[in-house]
Amino acid sequence: MGNIGMRLKGTKGLVDQMQLKCNEDEKYWMADACEELGRRCKGMAFGHMHRTACIKASGLELFLEIISLWEKDEIMIRPAFRTLLQIVPEEGACEHLLEMGGRDVIDRAMNNHIEDPQIKGDGTKIMYALLGKGAVVAMKDVTRVSKSIEYSVPLSVAETIQIDNGKKKQKRFNQVEDELDHDLERGQKAGILRVVTSMKKFSHDTSVQVGGIETMMLLARKGLNPRDIVQAGGIEVLVSAMTSYPKSYQIQWRGCATITDFCENLAICSELGKRGAVAVVMNAYERFSDQKDVRQQALWAMAGLSKIDHCKERMEELQLKILLYKLILIPIKSPGTLIDVVVPLRFHQIYTHEGLDLAANPPKKSLYDLKAEKKAALDKKGKSKPAFGTVDDFFVGGEAGLVDW
């Protein structure tokens with residue numbers, strides 16, 4: 001057909017023909033077609049019209065296929081990158097590319113041509129555009145998983161649920177009610193992996209962290225198997241989010257609520273204690289001294305963690321008994337003191353008033369006892385070795401002046 005035939009074709013018709021000719025035998029024709037599309041999309045007057053037509057005709061899918069097929073051939077990668085660079089500024093283009101795994105495809109092609117300045121430059125600009133929209137796509141993915149868990153539907157139909165329309169939501173739920181249980185379980189496992197991956201990749205984005213923690217909380221409250229979260233690394237990203245955003249009300253409140261729900265399973269409760277959940281819960285209580293909701297939720301989380309002995313010991317090292325002394329005994333000793341949180345019943349069961357009072361007000365030690373403790377500590381430490389050791393300092397047997405090795 002030649003270049004004249006390409007120019008006579010409309011953008012949609014050209015993209016359709018490229019999809020039919022996407023094979024090795026038509027490589028040079030495909031390279032010319034990419035150049036023609038790039039010229040159209042770059043135009044100032046009708047560029048937007050051509051870019052929109054290309055996207056609607058599945059042009060983004062076509063370019064990913066071209067890059068994957070000829071990822072080691074610079075003859076195809078150069079025009080494909082140049083044209084794609086003109087299309088990505090269009091609204092929704094970056095999100096669609098990311099949803100199809102375009103970031104990995106483009107990254108592989110760039111690595112194969114790392115010494116080509118033109119491919120490297122265009123690829124870097126495309127990657128910057130994709131990274132700018134990455135958090136938006138991750139948030140959509142987290143929301144999709146959250147809907148799937150909340151309404152017990154497969155991931156494939158979670159996007160069709162209309163949250164603000166109860167009739168449509170109920171109708172759609174009835175349609176998928178007969179799905180097999182193992183299909184739903186498999187979808188939930190895949191979903192939590194996607195949530196954890198998004199939280200790790202976009203740890204700098206608060207909205208992704210909040211959405212991910214809320215999805216974990218839904219998963220725990222639905223009575224599903226929380227071991228899937230542990231295997232996917234969910235506890236690590238949960239603790240990491242609470243550590244990275246200590247001043248975020250949404251993250252700290254949701255994090256404490258999620259930990260409380262996870263503690264219903266003793267094995268998960270033990271894992272939480274091992275991976276730093278105790279410290280973040282205690283810090284949340286102390287930092288939000290003026291926020292009743294966070295402190296109350298932190299107390300519930302502490303009560304849940306106290307079911308495991310090593311978690312309770314860690315909390316006691318962080319002054320849990322003194323905290324409970326202020327909440328339980330101070331109002332008894334000073335009847336006018338106002339406490340705005342409810343102390344969980346479990347703490348009343350495992351701690352006595354006498355024990356809390358002794359922890360907060362330990363008996364003063366006499367001067368004789370202090371000296372005895374100091375002497376015992378020195379005896380336990382032993383004689384310190386001098387900086388420049390001498391033989392006679394440590395020589396205890398044999399003839400003087402001789403070293404018995």
Side-chain angles (χ1 to χ4, degrees), residues 235 238-239 242-243 246-247 249 252-382 384:
I235 290 179
L238 170 63
V239 174
M242 295 181 70
T243 305
K247 297 181 181 179
Y249 172 89
Q252 297 301 320
W253 185 88
R254 285 173 170 80
C256 290
T258 305
I259 290 172
T260 304
D261 293 331
F262 282 163
C263 287
E264 295 297 322
N265 186 300
L266 294 181
I268 308 302
C269 183
S270 178
E271 289 295 322
L272 284 165
K274 295 174 184 176
R275 298 171 197 245
V278 169
V280 295
V281 169
M282 299 292 287
N283 290 338
Y285 183 91
E286 295 295 334
R287 183 174 288 275
F288 288 87
S289 57
D290 58 340
Q291 293 285 348
K292 173 186 174 182
D293 294 340
V294 178
R295 288 189 294 116
Q296 183 64 71
Q297 197 60 63
L299 279 174
W300 293 122
M302 293 178 205
L305 290 168
S306 67
K307 297 175 184 177
I308 303 297
D309 290 339
H310 69 80
C311 294
K312 185 173 72 171
E313 292 172 2
R314 287 185 172 95
M315 288 190 290
E316 289 175 354
E317 291 175 0
L318 296 174
Q319 310 299 327
L320 172 65
K321 288 185 177 180
I322 296 177
L323 170 65
L324 294 177
Y325 171 81
K326 295 177 182 178
L327 294 176
I328 297 175
L329 291 187
I330 291 296
I332 296 176
K333 294 182 177 182
S334 303
T337 305
L338 178 63
I339 301 297
D340 60 348
V341 292
V342 177
V343 180
L345 179 62
R346 177 165 178 80
F347 287 138
H348 291 280
Q349 295 172 340
I350 62 177
Y351 293 115
T352 62
H353 290 188
E354 293 78 8
L356 295 177
D357 198 1
L358 185 63
N361 304 295
K364 294 183 178 180
K365 297 178 181 178
S366 64
L367 183 61
Y368 176 80
D369 292 335
L370 292 174
K371 287 182 177 179
E373 287 182 2
K374 186 176 180 180
K375 185 176 183 303
L378 289 173
D379 292 342
K380 184 178 180 180
K381 185 177 180 181
S384 60

Next on the checklist: I need the single residue from Leu320, Asn361, Ile322, Ile328 that forms a side chain to side chain contact (heavy atoms under 4.5 Å, CB included) with Leu356. Which is it?
Outcome noted: Ile328
Item to check | Val294 side chain reached by Arg287 side chain, heavy atoms, under 4.5 Å | outcome: no
Checklist entry - What's the spacing between Ile350 CD1 and Leu345 CG if we round to 0.5 Å? => result 10.5 Å
Item to check | Straight-line distance of Arg346 CZ to Lys307 NZ, nearest 0.5 Å | outcome: 7.5 Å
Checklist entry - Is there a side-chain contact (heavy atoms from CB on, under 4.5 Å) between Val281 and Met315 once you walk through the steps? => result CA-CA 9 Å; Val281 169; Met315 288 190 290; over 6 Å; no
Checklist entry - Looking only at atom types and distance, does a side-chain atom of Arg275 sit under 3.5 Å from a main-chain N or O of Ile235, one as donor and one as acceptor? => result no
Checklist entry - Is any side-chain heavy atom of Trp300 less than 4.5 Å from a side-chain heavy atom of Cys256? => result no
Next on the checklist: Check whether Gln296 reaches the backbone of Val342 with its side chain - one donor and one acceptor, N or O, closer than 3.5 Å.
Outcome noted: yes
Item to check | Side-chain heavy-atom pair Ile259, Leu238 within 4.5 angstrom cut-off | outcome: yes
Checklist entry - Pick from Leu324, Leu327, Leu323: which one makes a side chain to side chain contact (heavy atoms under 4.5 Å, CB included) with Phe347? => result Leu324
Item to check | Polar side-chain atom of Ser270 near backbone of Leu266 as donor-acceptor pair, under 3.5 Å | outcome: no
Next on the checklist: I'd like to know whether NZ of Lys247 has more than 12 heavy-atom contacts from other residues, nucleotides or ligands below 6.0 angstrom.
Outcome noted: no
Item to check | Heavy-atom side-chain proximity of Trp253 to Gln291 below 4.5 angstrom | outcome: no
Checklist entry - Is there a donor-acceptor pair closer than 3.5 Å between any side-chain N or O of Asn283 and the backbone N or O of Ala279? => result yes
Checklist entry - Given the rule in the side-chain contact (heavy atoms from CB on, under 4.5 Å) test, do His310 and Lys274 qualify, once you have shown the distances and angles that lead to the verdict? => result CA-CA 9 Å; His310 69 80; Lys274 295 174 184 176; 3.9 Å; yes
Checklist entry - For the atom pair CE (Met302) and SG (Cys311), what is the distance rounded to the nearest 0.5 Å? => result 13.0 Å
Checklist entry - Can a donor-acceptor pair be found between the side chains of Lys312 and Tyr351 at a distance below 3.5 Å? => result no
